[in-house]
Each structure stands twice: as structure tokens, then as C-alpha cells.
Amino acid sequence: MAENILSNSTADKVVENVEKVASGVGKVGGKVVDMLQEAVQTTVSDTDSSGLEEFSILNYFSSFFIHIALIVIVIGLKWQYDRNRYRYPKGPRDWRHISDAISFHRKKRENLLVLANDYPQMCTVVTHVGRVILLNDPSLINEIFIGRADLCSNKIDSYLENQLRYKTGKHLRTGIVFRHYDHNGQVIHRSLVEHVDQILAQNKLDQVIQEQFEQFRSYLSSNSSKFDVRRSTFRFALHILTQLCINRTFKYDDKVFETFTNNLYKISKTIHEDTVAKTSKVALTQLTGLSETLDINETVLNYIQEWVKERHPNETTDDSQVTSTSSGDILDSIIKVVPTAAPHIDNEDVAAMILDVVMHGSEMLKGALTWLLLYVVKYPHEANEARREAKSHGYSKFNFKNADKLTYCQAFVKEVLRMSPVVPVVIHSTLQDLRWRDFHIQKRTLFGANIYALHHSVQWSEPTTFNVQRWIGDNAEKISLNNYAPFGIGPRQCVAEKYLFSILTGLFAVLLHNFNFEKSGAIPDPDEGTFGMANLPPSFSLSAEELGAH
């Protein structure tokens, strides 16, 4: 026991005393033993007994804080290790540039151009959604989003995925924006493209758009003195996309569909909010998992799930038992690939895909039509030129095949989307760590294609000037298409991308042929408005005067 208690210094004292005793001459057995015992007891009594004290509260908390300090040190070392391990392009990429990050989100249009000027190729910025590698050079954008980028000659796009998901958890494959190499992504994308080709060949698109335009015309006529452009174009776009997806026409006074429309519009507004409060909500959602948008989205999904269940009631994982009532719409084209899907696609997945098509399609169409009408009232001379062309071609009804003949109308559309692209930055995320050029990129890093900067680069003559003529005749041949991508870029761009200019040109011409739009209150500047996941002007109102046939 004594051996466990004695320290090294104590043991040395014992040995010293023992040696003294052992060296005593003339001392006999018993006395030697007595002296040895006395020496040991004396030495032990002289030792410091502080090591035997019970733990005090002070000692307890000291030990606790020492452990916390060690944990902090380990975390710091891990952070430093990752910092040294991963290499990113230069730019305001660290949290010490938090003021730049806040400024970036408050003045995005200006900052996207400033960053492209300061970093002509690429830069790394820190935003409230994480680190973003912003690509400002067309060749790098093509390299990342389309071409081959890594030393192993594998498509870097295999590492990327779209960030816009409406569902979480097990549904990693949900939506039409699958991972590019995913089997389901390939078969569904191919099915949707084939479906779009089919409805155009059969003139079904003309019928759907004209049918919805008649309802929209009635709506504008009844609200001719003043109508909210963003809300009205969203309603128009949503009716078109819903009819294409589920082959069902809803009237504007349908109360059930009106609730569905309002819920989707709430999601749209929440997504495109551009405020400090929005940033706080995003951070709170990431911490708690609670989201108002997801709650609304759950209600919206309930509607679509009912529509899917009506069409596909015998859902099963047994491919041989899958049945469906064919209706020749987008829902039908998705259900047809269920037997060949791997992993299995259930009705909940199908409903989420339909939501993707409806929501994304409506957002794109709403944004484009809203910008077109804003530029119509800001540039009345050019708008009247487009109206004269539509009148001269008798374009009172939508006709997809004849839309390409409207050269000035199409030039107007292209210039509007150059000045104000609906999608200003295309963002994807890395699925895993990867090496690219001289950089080692961490998993879940965001890559952004700076579309807004491309559309305003020095490659354009007077890039800040609205000039329809740049798209007409010989001028159009001088334009580099590498600097123009209004509908996204890469394998995940819109499935109807090659037809969108003709569709928008036809819609634009029909609107101008049938209505004269005037200001109804203040008109925002194109540099104003939200600039988040989409580029939209602030809410504004116009008046609509219905024109005659000639």
C-alpha cells in the first residue's frame, strides 16, 4: 500500500534512512527493525498528502473546461487540415469576407458583374447557402457543365446534381433533374423529350395554348384597367403546364384549382424572396428541419398525388401488374417508364416529378412573360414594331410552326432574355470530392455558371443597351452563342429548350396582336426586383386594352 502512495522523492528518503540504519555498527536485529519501522513512519508522515484529496467543485470544472479546450483544439486542427487539403479558386471565399457575402446577396446584379470583371475566369464566394465556385469564363462553364474536366477524362457532370429538390429523405432520385448517370434520369428525360416532340408534331401544343389563351384573354378583359403582371402570368403559365401534364382543363373560377394555384404561388414567392429575413429563415430551416415552404408543398403534393392515383390506381412494385389509363400527356409518358425504372418509381415519386415539371415550367414561363411585358411598356417603339409584324402575319392565334417567321418578335424576345435572364446563375453541387485543374474540390461544393455576366460581357456590343437589331440579319451571325444561355446549360437544361424561343415568340406575338399594354402606376427598372434562384422584376401592374382583329 505504501509503495502505491509514495512518490519518487519519498522513496528516495526511505532508502536514505534505511541505508543509515543498515550502516549502524553494533546494532542488533530487534533494534534495527525498530529503527527501520520508525524511519518509514517518519518519512510517510512528512510526505505531501494533497494527492489524496477528494475532488472539489473547482477541480471538477477545471477538468471539464480542459476537456472542452481539447475538443476545440481537435476541431481546429481538423478545420486547418481540411483547409490545407482542399484548394479553391481565389475570391471572397472565407467567413472574414462575410460583409462581401451579405453585399453579394443584396446587390447581386452589380456584384455578379464586378466579380466577373475582377476574376475573368472564376472565383470562390461565400454565400448563405455555402461556398460557390462562380465560373465567369464560357470555356470553363462548358468544361464543368458539359465537357470533360478532370485528368481521368470522365465527365465532371457525373459529379454534379441539381439543388432544386422539393422532397427530402429517401427520395434522392425524385424529380426530372436526376443525376446525369442515373438510369431513371436517362429514361425519364428521354421520355419527356419524345413526348414534347410528339405533341408538337400533332399540333396538340397549339390547341392547349390557344385554349388557355382564350381564358387568359377573358381574364384580362375583365381586369383591363389594372392587373398584377407577375400573378397573372403565373396563373396563365400554370394552366398551360397543368393541362400538358395531366390533360385536364381547369376554369379560372374553379375554386379547388384556385386553392392549388394560390399555394403554388406562395411557394414561388417564398423561393424568390430576397431579404435578410429570408436568409435567417434558411438558417433556421437547416437547424430545425422546419419549413413553411415544405408545409405548403405538402398540400400541393396532395393535389397531384390524387391526380396520379386516379390515373395509376394499381400501384405495385410488380412490373407485370402496372396498369394505367393512357391520356397522351406528360403524366402518361412518366408512368410508361415505371416498368423499366431501377430503382422502382412509386406514385409519390411520379407526383413529385409532375410537381417539378409544373413548378419549374410555370416559373420559367411566368418570368419570361413578365419581363417581356415590362420591356413592352419601357420600349414602346420596339413593341409597336413587333405588333406590326404580328398583325401583318395575321398571328391572332398561337401557331408554333409559323412562329419562326416572326423575326422581329423573336429578336425582341432574345434581347429581353439577354438583358434579364430568368435564371441568372445555374448552380449544381459536387457529389463527392474531386480534382479539377489545380484544385481539390470538397464534396457538396456549389458550382455556379454566371449567366448574367455572360449576357453583359464585353463580347457584346454595348451590352447594357437594349438593342433588338443585334439579333436581326448579319448582326445575328456575329453573336457567339457561348455567351448566351437564357434557359440553362448542360444536360439538365429544359427538356423543351430547343422549342422555347418559338413558343415564347408565338405567345408574345399573340399578346401583342390582341392587346395594347399601358402603364398602370410606377414601372420598375430592370435592375430592380428579386435576384435569387430566379431573376424577376418587382410586382407591377399594367392596363390591357383589347384590340380588334386588324
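This chain uses plain numbering: 1 for the first residue, then up along the sequence.
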Problem - Aromatic ring proximity, centroids under 6.0 angstrom, W471 and Y484 - result: yes
Taking side-chain contact (heavy atoms from CB on, under 4.5 Å) as the test, write out the residues that go with [X], two or more places apart.
{"X": "S333", "result": "S191, L192, H195, I330"}
{"X": "D197", "result": "V193, K498, Y499"}
{"X": "E194", "result": "R190"}
{"X": "S502", "result": "F400, A403, D404, Q410"}

Between atom [atom1] of [X] and atom [atom2] of [Y], what is the distance when rounded to the nearest 0.5 Å?
{"X": "I441", "Y": "I144", "atom1": "CD1", "atom2": "CD1", "result": "8.0 Å"}
{"X": "S232", "Y": "L542", "atom1": "OG", "atom2": "CG", "result": "9.5 Å"}
{"X": "L507", "Y": "L372", "atom1": "CG", "atom2": "CG", "result": "9.0 Å"}

Exercise for the section: Using the test ring-ring contact (aromatic ring centres under 6.0 Å, His included), find all partners of Y219 that sit at least two apart in sequence or belong to another chain. Expected result: Y252
Exercise for the section: Report the residues that fulfil ring-ring contact (aromatic ring centres under 6.0 Å, His included) with F250, sequence neighbours left out, ordered by chain and then residue number. Expected result: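 If we apply the ring-ring contact (aromatic ring centres under 6.0 Å, His included) test to F250, skipping adjacent residues, the hits are F257, W307.
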Quick one: closest heavy-atom pair of [X] and [Y], and the distance?
{"X": "A509", "Y": "C409", "result": "CB-SG, 4.2 Å"}
{"X": "N263", "Y": "Y303", "result": "ND2-CE1, 4.2 Å"}
{"X": "V425", "Y": "G448", "result": "CG1-CA, 3.9 Å"}

Problem - Derivation and outcome, ring-ring contact (aromatic ring centres under 6.0 Å, His included), residues F398 and F213 - result: CA-CA 9 Å; F398 181 85; F213 177 75; 9.4 Å; no
A side-chain contact here means heavy atoms from C-beta on lying under 4.5 Å apart; do [X] and [Y] qualify?
{"X": "T407", "Y": "I472", "value": "no"}
{"X": "Q459", "Y": "S480", "value": "no"}
{"X": "V229", "Y": "L369", "value": "no"}
{"X": "M122", "Y": "D137", "value": "no"}
{"X": "L365", "Y": "L504", "value": "yes"}

Side chain to side chain donor-acceptor pair (under 3.5 Å) against [X], all qualifying residues, sequence neighbours excluded:
{"X": "S539", "value": "none"}
{"X": "S420", "value": "Y375"}
{"X": "D329", "value": "R311"}

Exercise for the section: Could you name each residue pair satisfying salt bridge (charged side-chain N to carboxylate O under 4.0 Å, His left out) that touches residues 456-484, not counting sequence neighbours? Expected result: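 Pairs touching residues 456-484 that pass the test: E415-R470.
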Exercise for the section: State whether Y119 and K90 meet the cation-pi test: NZ (Lys) or CZ (Arg) under 6.0 Å from the six-membered ring centroid, and within 45° of the perpendicular axis. Expected result: no
Problem - With R387 via salt bridge (charged side-chain N to carboxylate O under 4.0 Å, His left out) - residues at least two apart - result: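 Applying salt bridge (charged side-chain N to carboxylate O under 4.0 Å, His left out) to R387 gives none.
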Handout entry: Listed partners of E518 passing salt bridge (charged side-chain N to carboxylate O under 4.0 Å, His left out), at least two apart
Key =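 Residues passing salt bridge (charged side-chain N to carboxylate O under 4.0 Å, His left out) with E518: none at all.
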Problem - Parallel, tilted or perpendicular: ring planes of Y379 versus F466, cut at 30 and 60 degrees - result: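 Ring orientation, 0 to 90° scale: parallel.
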Practice task
Quick one: sort the H455 and W460 rings into parallel, tilted or perpendicular, breaks at 30° and 60°.
Solution key: perpendicular
Exercise for the section: Using the side chain to side chain contact (heavy atoms under 4.5 Å, CB included) rule, pick out the option among K519, R230, K226 that qualifies with S541. Expected result: K226
